Asker: 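Before I ask anything, here is the structure I am working with.
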There are 2 protein chains.
Amino acid sequence: MKRSFNVVQADLARTLEPFGLRMITFTALILIVDNPDLSQTQLASALTVERSNLVTIVDDLEGKGWIVRNPAPNDRRSHALRATREGHRMCERAVKAAREHEERLLAALGKAERETFIAALQTIERAKREEQDGTDGKL
Amino acid sequence: MKRSFNVVQADLARTLEPFGLRMITFTALILIVDNPDLSQTQLASALTVERSNLVTIVDDLEGKGWIVRNPAPNDRRSHALRATREGHRMCERAVKAAREHEERLLAALGKAERETFIAALQTIERAKREEQDGTDGKL
DNA sequence: TATTGTTATACTCTATAACTATA
DNA sequence: TATAGTTATAGAGTATAACAATA
């Protein structure tokens, strides 16, 4: 079961590599695109990554010109993260590739099977998260 | 989907911790119990771990007295790994705990849902593995 | 006093090369 | 010459502590 996932994960990583994206920067980019003006602390929490480790992730995306660290209007400590136009384009392309990858992956499954599979994953995750900490993922 | 798995994986790790087992040493112990006189190269391949990195894993289990490195009868270079009586007991207890953990985890799912889920995981893994390399896992 | 982003650091995991003793 | 186990080492990923600027 664990192994199944490593195989899948490595495969997705290979799919994203040509885009200059790692799994974590890919997810980060999506979150920033979908939630403009996100702060780094919020993003770190959504990715379940330490704030300190998020720095290099944001550096990476900023260095490629796909996001910018704007000054937050109300709090001068914090950054309001935004995807650039290029970032939006990049995100769209990468998401498309990831979807195609997923399609290829789930091709071995029937349609009903596939829906059950996805639903089951989400159910398990939600149950576990709620059991562990009272906090619920907002994003 | 990736996140679902991290949550589950971290949870299983916490279940095994009181036994002094990590995910990888747990799997290694099971394989040794089920396949006596396995060589380290065979075990490394089954775990998809480099031979060099397997050393510390075997050291760990041997240091706890749960397995032994016997001299292989036919090849003086290689080790025949065997679980001790204590190792067998430990394995049994840990497997039981892991099963209970899995039960708790899948409790949120219906029975049919559960079976579909497990089958789907295996189908996906098999499809991917066969696509990538001609080799099939023997163990 | 607490929080945001940041740096430095340590610890684990993983990957590669080289060594030894055998084959 | 090739293989089994081992060592050393370098690279990622991740976790913790401390700091400056700001709240």
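Labels below follow one simple rule: chain letters A, B, ... track the order of the sequence lines, proteins then strands, and each chain is numbered from 1. Given the structure is predicted, the values throughout are model-derived calculations rather than measurements. As a basis for the values below, the full set of heavy atoms in this structure was taken, side chains included, without hydrogen atoms, waters or symmetry mates.
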Asker: Checking contacts here: which listed nucleotide (C:dG5, C:dA23, D:dG5) is nearest the side-chain heavy atoms of B:D75?
Answerer: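 Nucleotide nearest to B:D75's side chain: C:dA23.
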Asker: Flag the pair A:R104 / A:H101 as yes when at least one side-chain heavy-atom distance between them is below 4.5 Å, and no otherwise.
Answerer: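 Yes; the side chains approach each other to less than 4.5 Å.
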Asker: Looking only at heavy atoms, what is the nearest atom pair of A:A28 and A:I57, with distance?
Answerer: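 In this case the closest contact between A:A28 and A:I57 is CB-CG2, 4.0 Å.
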Asker: Could you state the atom-to-atom distance from CG of B:N74 to P of D:dT3 in whole Å?
Answerer: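 The answer, rounded to whole Å, is 17 Å.
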Asker: What distance separates A:F117 CZ from B:T123 OG1, expressed to the nearest 0.5 Å?
Answerer: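 The CZ atom of A:F117 sits 9.5 Å away from the OG1 atom of B:T123.
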Asker: Measure from CD on B:E50 to P on D:dT9 and round the result to the nearest Å.
Answerer: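 Going from CD in B:E50 over to P in D:dT9 covers 18 Å.
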Asker: Which whole-number value in Å describes the distance from A:L54 CG to C:dT7 C1'?
Answerer: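 So the CG-C1' distance, A:L54 to C:dT7, works out to 14 Å.
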Asker: C:dT6, OP1 or OP2 - any side-chain N/O from A:Q40 closer than 4.0 Å?
Answerer: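 It does, given that an N or O in the side chain of A:Q40 lies less than 4.0 Å from OP1 or OP2 of C:dT6.
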Asker: Could you tell me the separation between the CZ atom of B:R51 and the C1' atom of C:dA21, rounded to a whole number of Å?
Answerer: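 So the two atoms are 14 Å apart, to the nearest Å.
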Asker: At their closest point, which heavy atom of B:T84 faces which heavy atom of B:G65, and how far apart are they?
Answerer: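 Closest approach of B:T84 to B:G65: OG1-O, 2.7 Å.
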Asker: Please list residues of residues 76-83 of chain B whose heavy atoms come under 4.0 Å from any atom in DNA chain C, ordered by number; otherwise none.
Answerer: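 The answer is B:R76, B:R77.
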Asker: Applying the side-chain contact (heavy atoms from CB on, under 4.5 Å) criterion to B:V58, which one of B:I32, B:T25, B:L81 satisfies it?
Answerer: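 Exactly one pass, corresponding to B:L81.
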Asker: Hey, what are the protein-to-nucleotides 8-12 of chain C N/O distances that come in under 3.5 Å?
Answerer:
none

Asker: Quick check: does any side chain N or O of A:S45 sit under 3.5 Å from a backbone N or O of A:T41, one acting as donor and the other as acceptor?
Answerer: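 Answer holds: no.
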Asker: Taking only residues two or more places apart in sequence, or in another chain, which ones meet B:R22 in a salt bridge (charged side-chain N to carboxylate O under 4.0 Å, His left out)?
Answerer: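 By the salt bridge (charged side-chain N to carboxylate O under 4.0 Å, His left out) rule, B:R22 matches B:D60.
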Asker: A:L47 CG to D:dG13 P: how many Å, rounded?
Answerer: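 So the two atoms are 13 Å apart, to the nearest Å.
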Asker: Between atom CD1 in B:I24 and atom P in C:dA15, what is the gap in whole Å?
Answerer: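 About 11 Å, once rounded to whole Å.
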Asker: Could you check whether any side-chain heavy atom of B:Q40 comes within less than 4.5 Å of a side-chain heavy atom of B:R69, counting everything from C-beta outward?
Answerer: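 Side chain of B:Q40 against side chain of B:R69, heavy atoms only: contact under 4.5 Å found.
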Asker: Rounded to whole angstrom units, what separation is found between the CG atom of A:N70 and the P atom of C:dG5?
Answerer: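 Those two atoms, CG and P, are 13 Å apart.
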Asker: Can you tell me how far the CD atom of A:E113 sits from the CD atom of B:E115, to the nearest 0.5 Å?
Answerer: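 Rounded to the nearest 0.5 Å, the CD-CD separation comes out at 12.0 Å.
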Asker: Should B:R69 be listed as having a side-chain N or O under 4.0 Å from OP1 or OP2 of D:dT6?
Answerer: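 Yes, B:R69 has a side-chain N/O under 4.0 Å of OP1/OP2 on D:dT6.
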Asker: Please give, in whole Å, the distance from D:dT14 C1' to B:Q9 CD?
Answerer: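 Those two atoms, CD and C1', are 14 Å apart.
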